[in-house]
Amino acid sequence: FSAVLLSSAIASCAALANGAYPLTRACETALALSASPTYVRSGAGAYVLGEKEYELVRPSTNGYVCLVQRNSNESLIPKCFDQIGQRAHVPVHKQAGKMLRQGNSWEEIDEAREKGFKSGDFQTADGHGVVYMASDFNYIVSTDGQSRRKIWPHVMYHAPNVTNADIASSPRDAFANKGLPFIAGEGPLGYMISLIERPTDSSDVLTACVGQLPDVSTFSPFPPAGN
């Protein structure tokens with residue numbers, strides 16, 4: 001076990017203790033951009049989670065920006081937002097990133113988000129639009145680490161405060177027939193989701209993220225295989 005590997009392991013543990021899975025900037029940029037199809041990715045901007053907060057490392061030329069959301073120490077959730085999403089959703093993620101780097105717990109981050117919507121500091125989406133999550137690297141882990149899911153690539157549409165009952169659908173229906181919509185996160189950050197046939201191109205991520213991504217064998221596919 002070399003000194004280099006030991007140093008790397010210690011650095012990784014420190015990063016996780018600070019509330020986020022450790023990635024190089026090149027890896028995180030590629031991972032963020034992988035959320036979108038190639039025709040969007042070519043001009044999209046990108047944020048990475050720096051030492052203190054999310055930092056814009058690539059400006060947008062087409063109105064889209066991408067980032068890797070965290071909602072637990074091990075989650076990696078690439079998303080690419082249109083301009084409506086940048087007004088409504090990106091500020092929420094940026095606050096979460098800043099609080100994370102300041103040492104706040106995930107419970108405190110969730111509470112701050114709820115307070116932000118109640119106070120009016122955060123706004124719901126104010127129009128129709130899309131958020132891409134078409135990456136092959138959607139890793140969502142619960143804060144206690146017990147639920148570990150690799151999420152199928154999909155496209156999300158702004159649907160604040162819409163319910164599955166409103167659209168006469170359910171996740172079970174959509175899992176059984178990819179393409180049918182369902183609502184995830186019913187509430188101010190709600191989305192209408194449609195699963196897609198295949199993920200976006202992964203070559204940039206595979207090149208930039210060698211040795212950095214989670215062990216996929218520790219994750220369960222979601223929706224479960226066979227649906």
Side-chain angles (χ1 to χ4, degrees), residues 15-16 18-23 25 27-36 40-41 44-60 62-127 129-135 137-143 149 151 153-161 184-193 205:
L16 279 170
N18 197 21
Y21 202 91
L23 300 172
R25 286 198 166 208
C27 173
E28 185 158 351
T29 300
L31 194 61
L33 294 170
S34 75
S36 62
V40 173
R41 186 184 310 180
Y47 284 95
V48 301
L49 184 58
E51 292 183 1
K52 295 182 178 180
E53 59 188 351
Y54 277 103
E55 302 169 1
L56 186 67
V57 296
R58 170 172 149 162
S60 172
N62 64 4
Y64 284 82
V65 296
C66 309
L67 58 77
V68 181
Q69 178 195 355
R70 274 76 165 183
N71 64 2
S72 75
N73 287 357
E74 296 182 85
S75 290
L76 296 172
I77 313 171
K79 293 183 174 181
C80 203
F81 298 88
D82 63 8
Q83 292 186 358
I84 292 172
Q86 290 173 58
R87 293 194 296 270
H89 298 267
V90 170
V92 179
H93 299 317
K94 289 177 69 176
Q95 175 182 272
K98 182 176 289 188
M99 292 184 67
L100 187 60
R101 289 314 200 198
Q102 291 172 344
N104 290 274
S105 69
W106 291 107
E107 290 76 14
E108 290 170 330
I109 291 171
D110 289 343
E111 289 174 4
R113 181 186 65 240
E114 297 301 322
K115 288 180 180 178
F117 279 108
K118 289 179 180 178
S119 68
D121 290 338
F122 294 146
Q123 303 293 324
T124 58
D126 58 3
V130 64
V131 178
Y132 288 105
M133 279 189 65
S135 175
F137 307 96
N138 299 315
Y139 301 104
I140 299 183
V141 182
S142 60
T143 53
R149 295 176 171 178
I151 308 298
H154 54 280
V155 178
M156 309 193 298
Y157 307 90
H158 305 302
N161 302 312
E186 295 177 349
L189 287 178
Y191 293 104
M192 182 181 294
I193 289 181
V205 175

With Arg149 via salt bridge (Lys or Arg N to Asp or Glu O under 4.0 Å) - residues at least two apart: none

Using the test salt bridge (Lys or Arg N to Asp or Glu O under 4.0 Å), find all partners of Arg25 that sit at least two apart in sequence or belong to another chain. Glu55

As an exercise, state the distance from [atom1] of [X] to [atom2] of [Y], rounded to the nearest 0.5 Å.
X      : Y      : atom1 : atom2 : answer
Leu49  : Lys52  : CG    : NZ    : 13.5 Å
Leu189 : Met156 : CG    : CE    : 9.5 Å
Lys79  : Met133 : NZ    : CE    : 5.5 Å

Can you name the closest pair of heavy atoms from [X] and [Y] and give their distance?
X      : Y      : result
Ala125 : Ile84  : CB-CG2, 3.8 Å
Val65  : Ser60  : CG1-CB, 4.0 Å
Gly129 : Asp82  : CA-OD2, 3.1 Å
Leu33  : Gly45  : CD2-O, 3.8 Å
Pro160 : Thr124 : CB-CB, 3.7 Å
Ser34  : Ser135 : OG-OG, 2.8 Å

side-chain contact (heavy atoms from CB on, under 4.5 Å) partners of Glu186, counting only residues at least two apart: Thr163, Asn164, Ile183

Partners passing side-chain contact (heavy atoms from CB on, under 4.5 Å) against Asn104 (at least two apart in sequence or in another chain):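 Partners of Asn104 under the side-chain contact (heavy atoms from CB on, under 4.5 Å) test: Met99, Gln102, Glu108, Ile109.
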
Beyond-backbone contact of [X] with [Y], side-chain heavy atoms, under 4.5 angstrom:
X      : Y      : value
Val131 : Cys80  : no
Leu76  : Leu31  : yes
Phe137 : Val205 : yes
Val130 : Tyr64  : yes
Asn73  : Tyr21  : no

Counting distance only, does the side-chain N/O of [X] pair as donor-acceptor with the main-chain N or O of [Y] below 3.5 Å?
X      : Y      : answer
Gln123 : Gly120 : yes
Gln86  : Gly63  : yes
Asn138 : Ile77  : no
Ser75  : Val141 : yes
Arg58  : Thr29  : no
Arg41  : Ser36  : yes
Tyr132 : Pro78  : no

Would you mind listing every ring-ring contact (aromatic ring centres under 6.0 Å, His included) that reaches into residues 65-92, with sequence neighbours excluded?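 Residue pairs with at least one partner in residues 65-92: Phe81-His93, His89-His158, His89-Tyr191.
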
Listing, residues 110-117 side-chain donor-acceptor contacts under 3.5 Å, not counting sequence neighbours, or none:
from	atom 1	to	atom 2	distance (Å)
Asp110	OD1	Arg113	NH1	3.1

With side chain to side chain contact (heavy atoms under 4.5 Å, CB included) as the test, would you mind laying out the steps for Gln95 and Asp121 before giving the verdict? CA-CA 11 Å; Gln95 175 182 272; Asp121 290 338; over 6 Å; no

Let me see the working for Val68 and Tyr47 under side chain to side chain contact (heavy atoms under 4.5 Å, CB included), right down to the final yes or no. CA-CA 8 Å; Val68 181; Tyr47 284 95; over 6 Å; no

Given Lys98 and Glu51, is the salt bridge (charged side-chain N to carboxylate O under 4.0 Å, His left out) satisfied, shown in steps? CA-CA 9 Å; Lys98 182 176 289 188; Glu51 292 183 1; over 6 Å; no

